[in-house]
Amino acid sequence: MGVIEAPPSLAAPPARGQAPPPVRQRTGRFVVLTAVFVCAACGLVYELELVALASYLIGDSVTQASVVLSVMVFAMGVGSLLAKRLRYRAAVGFGLVEAALALVGGCSALALYATFAWLGESRYALVAFSLGIGVLIGAEIPLLMTLIQRISRRAEQDAGGTVADLFAADYVGALIGGLAFPFLLLPWLGQLTSALLTGAVNAVAGGAMVLWLFGRDLTARGRWSLIAANVLVLGVLATAAVLVDDFEQAARRAVYGERVRVAVQTEVQEVVLTGARGEPPDLFLDGRLRVSGRDEHLYHQALVHPAMRGPHARVLVLGGGDGLAVREVLRYDDVESVTVVDLDEGVVRLARTDPELSTLNGRAYTDPRVRVVYADAFRWLREAAGRPEPPGRAEPVARAEPATGRYDVVISDLPDPGITASTKLYAQEFYGLAARVLAGGGRLAVHAGPMASRPRTYWTVDATLRAAGFGTRPYCATGRASGFADGPDRSTGGSTTPHDWGLVLARPGGTPPELALPADVPALRSLAPAVLAASAERAERTRLPGLAPSTLVHPRYGG
């Protein structure tokens with residue numbers, strides 16, 4: 001539902017010939033309020049579905065949430081005004097509105113995914129569905145107020161109390177819908193099926209309430225029209241639910257190409273592996289290319305090896321569940337232990353069991369020196385210095401190693417800073433926590449986004465490290481396909497825009513570390529002072545004059 005407050009004056013005047021409800025007034029009010037509760041829950045699920053799917057397909061969850069919510073609130077006002085025309089036929093009007101809302105809201109996720117897969121663009125569909133769903137949600141309140149006051153008037157209840165009951169049911173329903181979506185619908189059914197089920201519940205609740213309480217007020221034509229509309233909507237939703245698996249497979253092939261080998265939805269994200277058997281795979285996480293099997297070695301060598309020039313007995317890898325950064329660390333025989341902190345157990349399981357991916361990472365997880373902890377990196381670092389065992393589920397290890405302590409090297413192999421969900425992993429607080437687990441003279445290696453195409457993001461990460469007390473050395477590597485591209489190229493299966501990997505080597509204390517670049521990594525290069533100055537100047541031009549640079553990355557202003 002929504003937060004559009006309709007005054008009591010929206011109630012329709014008494015209509016001649018209205019039949020009394022088939023139940024007592026008290027029971028009738030309860031049935032109407034129950035319908036309000038269910039419809040409110042369904043309405044909020046539609047909103048959250050749009051936000052979640054838009055964030056997944058388009059990226060930048062802050063922008064997508066702002067677009068969906070602002071457009072829907074505006075549309076709800078429009079819908080409330082349009083509903084005035086239906087007040088004198090409130091019962092059949094509400095039933096048809098709910099049928100339309102169930103159809104549009106239930107199919108919205110499928111339609112958004114389809115436009116992304118086959119048209120390559122979901123923004124216009126997102127705005128269109130936000131408008132449509134918002135108008136229909138906005139029309140509910142005036143019609144419901146007319147219906148409930150038709151019953152309440154016979155019970156001689158005051159209009160103010162009726163409005164309070166109506167909005168109480170609306171808000172409580174929104175609460176239940178908002179909690180059910182992330183904790184029940186999404187993990188159990190997924191985005192597409194949960195939207196279809198929500199539409200079916202919406203149609204049944206609205207249609208049943210109207211036909212039961214106000215069916216006598218409807219003409220025969222109106223009654224059968226309402227029944228036919230609901231049967232048609234439920235039929236469409238049921239058919240879509242039966243075919244949703246086939247639809248997902250076809251859409252996935254349209255997005256990733258015909259060579260999709262593995263597609264799983266973990267508790268954290270969607271994981272897709274593409275490529276033929278025996279070939280280096282490409283790994284996509286939530287639709288974004290995370291690893292390009294053709295040249296991922298250029299990125300991981302550039303990330304790891306400069307940080308390993310010095311003491312490196314104990315290494316901490318934040319992220320990197322694919323095992324590729326661990327592979328580079330284990331090339332050094334004098335490494336004593338490697339701790340990997342990754343949130344997604346599904347990625348680690350795939351890195352162990354998939355033949356191509358485990359071959360690509362050199363079967364790093366079979367090494368007894370490697371210990372994996374499944375936890376959020378930020379929370380794990382926060383607790384690492386203050387507790388004997390930081391939070392998270394750690395796997396048993398063959399070699400007894402202390403769980404925490406000081407690390408000689410920290411490798412930050414985390415999602416791209418241009419992804420909103422990764423912002424806290426590039427914040428000053430995060431780097432301050434990383435400094436606490438580094439030994440004296442320890443080094444931190446960070447992927448900071450492409451310098452060429454997004455200089456502001458890159459230099460914001462560098463400024464954040466310096467604000468946290470690190471001395472920094474910027475450098476970069478180039479390759480044919482960045483492992484952190486925004487999404488797949490449907491024609492080639494590669495990244496959308498090949499670009500550089502911008503990297504930063506940092507050391508606590510403010511003194512920049514020495515940057516020794518391995519000669520056997522030809523794509524790795526330090527940046528000349530003139531290049532650094534030009535890039536920093538370009539980034540500075542994206543800021544408002546006179547304001548200090550923020551140490552928080554936001555992808556909307558990343559370049």
Open item on the list: Quick check: do L444 and L465 have side-chain heavy atoms less than 4.5 Å from each other?
Closed with: yes
Open item on the list: Using side-chain heavy atoms (C-beta onward) and a distance below 4.5 Å, is T115 in contact with E121?
Closed with: no
Open item on the list: Less than 4.5 Å apart, side chain to side chain, heavy atoms only: is that true for P474 and D462?
Closed with: yes
TODO: Could you tell me how the ring of Y431 sits relative to the ring of F470: parallel (under 30°), tilted (30 to 60°) or perpendicular (over 60°)?
DONE: perpendicular
- [ ] Specify whether Y332 and H305 have parallel, tilted or perpendicular ring planes, treating 30° as the upper limit for parallel and 60° as the lower limit for perpendicular.
- [x] tilted
Enumerate donor-acceptor pairs with a distance under 3.5 Å from any side-chain N or O in residues 50-58 to protein atoms, sequence neighbours excluded.
| residue | atom | partner | partner atom | Å |
| --- | --- | --- | --- | --- |
| S55 | OG | V51 | O | 2.8 |
| Y56 | OH | E270 | OE1 | 2.3 |

TODO: Look at atom CD of E279 and say whether more than 12 heavy atoms of other residues, nucleotides or ligands are closer to it than 6.0 Å.
DONE: yes
TODO: Report yes if the side chains of L357 and V262 come closer than 4.5 Å at any heavy-atom pair, otherwise no.
DONE: no
Task: salt bridge (Lys or Arg N to Asp or Glu O under 4.0 Å) partners of R327, counting only residues at least two apart - done: E296
- [ ] Not counting sequence neighbours, which residues clear side-chain hydrogen bond (donor to acceptor under 3.5 Å, both in side chains) with D367? List them please.
- [x] R369
TODO: Answer whether the closest heavy-atom distance between the side chains of D354 and R261 falls below 4.5 Å.
DONE: yes
- [ ] Please work out which of the three classes, parallel, tilted or perpendicular, describes the rings of F247 and Y113, given edges at 30° and 60°.
- [x] perpendicular
Task: Test log, rule side-chain contact (heavy atoms from CB on, under 4.5 Å), inputs R436 and L381 - done: CA-CA 8 Å; R436 292 168 55 189; L381 284 177; over 6 Å; no
Open item on the list: Treating Q428 as the side-chain partner and A467 as the backbone partner, does any N or O pair qualify as donor plus acceptor under 3.5 Å?
Closed with: yes
Open item on the list: Any side-chain to backbone donor/acceptor pair from Y426 onto T464? Under 3.5 Å, distance only.
Closed with: no
Task: Sole residue of L350, D344, V348 in side chain to side chain contact (heavy atoms under 4.5 Å, CB included) with T266 - done: D344
Task: Contact check, side chains of L303 and L503, non-hydrogen atoms, under 4.5 Å - done: yes
TODO: Kindly indicate whether the side chain of S337, heavy atoms from C-beta on, has any atom under 4.5 Å from the side chain of R371.
DONE: no
Open item on the list: With a 3.5 Å distance limit and no angle check, can you tell me whether R379 reaches the backbone of A377 through a side-chain donor-acceptor pair?
Closed with: no
Open item on the list: Could you check whether any side-chain N or O of D322 sits under 3.5 Å from a backbone N or O of V291, counting only pairs where one atom can act as donor and the other as acceptor?
Closed with: no
Task: Side-chain heavy-atom pair S130, E47 within 4.5 angstrom cut-off - done: no
